[in-house]
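Right, one structure below, let's go through it.
Side-chain atoms are counted along with the backbone in the values below, which use heavy atoms only and exclude waters and symmetry mates.
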Amino acid sequence: MWQMDMGADDVIGDEAGLLRWSTVPKTAVSDNTKPAAASPSAASIVRLRAEGPKEGTPPKILVAATPADLKNLDTVAALEEAVKNFAGCALKQTALNTVFADGNPQSPIMFVGEAPGEDEDRQGKPFVGVSGQLLNKMLAGIGLARDQVYITNIIFWRPPGNRTPTDHEMAACLPFTLRHIQIVKPKIVVPLGGVALKSLLNVTEGITKLRGRKMQLSLDDGTMCDVLPLFHPAYLLRQQSAKRQAWADMLTLKKMMTDKGLWPAT
Ligand code: URA
């Protein structure tokens, strides 16, 4: 049983499916898998302006976004529209699709990955490639279906060749992700990998140190949520030895949900 091999206390879910974690050849991993790059804090976001917004109405096309630009966007649909109209991230020019979110926006659990890969770019949905298949299995391992969680990325367009997003690209997209969290108000945010973790929390320590540790995110409108960083699934596909820690972290997520009265998940 793979969970036991990883040091699990109990075994839950689709064991056969989870065993396939180790069967994906390295060459099949097309998602973003680069190590974390330095990322900007929310405070360092360049303050530019929208093109011609009228007082009290959401701007149609932003060339750069500040939290103030987005504060009137109160629904996921309105935010998605604003992201699709955003002209401040050059990655959009080479991408096929904007990749905004998938799953259940009412879920108390919000996973935040790095950036779309090739499959995600083609389908316009996050985590639908090999990393996404592994994420689904990790969720199933603790009894969660994909449609019981909400999934997004810190970057909405595929970086060419799946390179790591630049600081500038992360800074451009971050206000949208923070507003996304303010709108959805998840109880637990789960950054997947070091790039998402650094972008969201502006921490200096990496994912290897901080994975599985309960942290907190506090936003300027008073939104507070727990944060549980996990290894990125693409990293786990390359680094089989990290699966034991990943399983322990999934059990931590389940315990956090239980402690918050969020288990069994609906
Ligand atoms: N990797 C990510 O970080 N996000 C995706 O959507 C797919 C792969």
Side-chain angles (χ1 to χ4, degrees), residues 2-3 5-9 18 21-22 26 29 31-45 109-115 117 126-127 131-132 134-135 137-139 141-142 144 149 151-155 159 162-167 169-171 173-174 177-178 181 186-219 223-260:
W2 80 273
Q3 290 101 329
D5 291 341
M6 289 171 69
D9 297 329
L18 284 156
W21 278 34
S22 56
K26 285 177 189 163
V29 181
D31 314 64
N32 289 312
T33 61
K34 313 294 184 320
S39 92
S41 68
S44 71
I45 294 160
I109 317 296
M110 184 175 192
F111 284 80
V112 185
E114 182 178 323
F127 284 98
S131 284
L134 177 53
L135 178 61
K137 289 172 189 165
M138 291 164 69
L139 293 170
I142 58 164
L144 286 175
V149 301
I151 305 172
T152 186
N153 283 309
I154 55 152
I155 297 284
N162 297 342
R163 66 163 169 74
T164 301
T166 64
D167 286 0
E169 289 156 358
M170 288 193 278
C173 294
L174 184 61
T177 304
L178 298 181
I181 292 170
K187 297 279 187 291
I188 306 172
V189 171
V190 182
L192 293 169
V195 174
L197 171 65
K198 190 151 195 179
S199 183
L200 280 177
L201 293 190
N202 195 30
V203 285
T204 50
E205 288 171 315
I207 190 71
T208 308
K209 183 102 188 254
L210 296 180
R211 55 135 276 270
R213 280 210 210 161
K214 192 170 140 183
M215 306 172 77
Q216 282 224 311
L217 178 64
S218 150
L219 301 179
T223 301
M224 301 255 294
C225 24
D226 283 348
V227 175
L228 182 72
L230 300 186
F231 280 135
H232 195 289
Y235 173 76
L236 295 173
L237 288 168
R238 292 197 318 267
Q239 204 64 43
Q240 301 292 318
S241 59
K243 286 197 299 182
R244 176 182 290 264
Q245 294 162 311
W247 173 243
D249 296 346
M250 290 306 290
L251 291 178
T252 302
L253 176 60
K254 185 178 175 187
K255 176 152 187 348
M256 282 171 71
M257 291 179 68
T258 307
D259 291 347
K260 288 175 174 294

Side-chain heavy-atom pair Met257, Ile109 within 4.5 angstrom cut-off = yes
Note, Val190 side chain near Val112 side chain (heavy atom, < 4.5 Å) = no
What is the minimum heavy-atom distance between Ser131 and Ala234, and which atoms define it?
-> OG-CB, 3.2 Å
For Lys255, all residues meeting side-chain contact (heavy atoms from CB on, under 4.5 Å), sequence neighbours excluded | Asp259
What residues, two or more places apart in sequence or in another chain, satisfy salt bridge (Lys or Arg N to Asp or Glu O under 4.0 Å) together with Asp226?
-> Lys214, Lys260
When rounded to the nearest 0.5 Å, the distance separating SG of Cys225 from CD1 of Ile188 is 9.5 Å
For Gly113 and Phe127, which heavy atoms make the closest approach, and how far apart are they?
-> CA-CE1, 3.7 Å
So Ile207 and Tyr235, side-chain contact (heavy atoms from CB on, under 4.5 Å) or not? Walk me through it.
-> CA-CA 11 Å; Ile207 190 71; Tyr235 173 76; over 6 Å; no
Hey, could you give me the OG/CG distance between Ser199 and Leu178, rounded to the nearest 0.5 Å?
-> 7.5 Å
Residues Lys198, Glu114: salt bridge by 4.0 Å N-O rule | no
Atom OG1 of Thr223 and atom CD1 of Ile181: how far apart are they, to the nearest 0.5 Å?
-> 9.0 Å
Between the main-chain N or O of Thr166 and the side-chain N or O of Glu169, is there a donor-acceptor pair closer than 3.5 Å?
-> yes
Does the side chain of Leu228 reach to within under 4.5 Å of the side chain of Met256, using non-hydrogen atoms?
-> yes
To the nearest 0.5 Å, what is the distance between CG (Leu201) and CD (Gln216)?
-> 10.5 Å
Contacts of type side-chain contact (heavy atoms from CB on, under 4.5 Å), residue Thr258, not counting sequence neighbours = Lys254, Trp263
Contacts of type salt bridge (Lys or Arg N to Asp or Glu O under 4.0 Å), residue Lys209, not counting sequence neighbours | Glu205
Once you round to the nearest 0.5 Å, how far does CZ of Arg244 lie from CG of Leu236?
-> 14.0 Å
Going through the checks in order, is the side-chain contact (heavy atoms from CB on, under 4.5 Å) test met by Asn153 and Phe111?
-> CA-CA 8 Å; Asn153 283 309; Phe111 284 80; over 6 Å; no
Verdict with reasoning, Leu230 to Arg211, per side-chain contact (heavy atoms from CB on, under 4.5 Å) = CA-CA 5 Å; Leu230 300 186; Arg211 55 135 276 270; 5.9 Å; no
Scanning both residues in full, the closest heavy-atom pair of Gly141 with Trp247 reads O-CH2, 3.4 Å
All heavy atoms of Ile155 vs all of Cys173, minimum pair found to be CD1-SG, 4.0 Å
Residues Leu192, Leu135; criterion side-chain contact (heavy atoms from CB on, under 4.5 Å); working and verdict = CA-CA 10 Å; Leu192 293 169; Leu135 178 61; 4.2 Å; yes
Gap separating the CG atom of Leu210 from the CE atom of Met215, nearest 0.5 angstrom | 5.0 Å
Please tell me if the side chains of Val149 and Leu144 come closer than 4.5 Å, counting only heavy atoms from C-beta onward.
-> yes
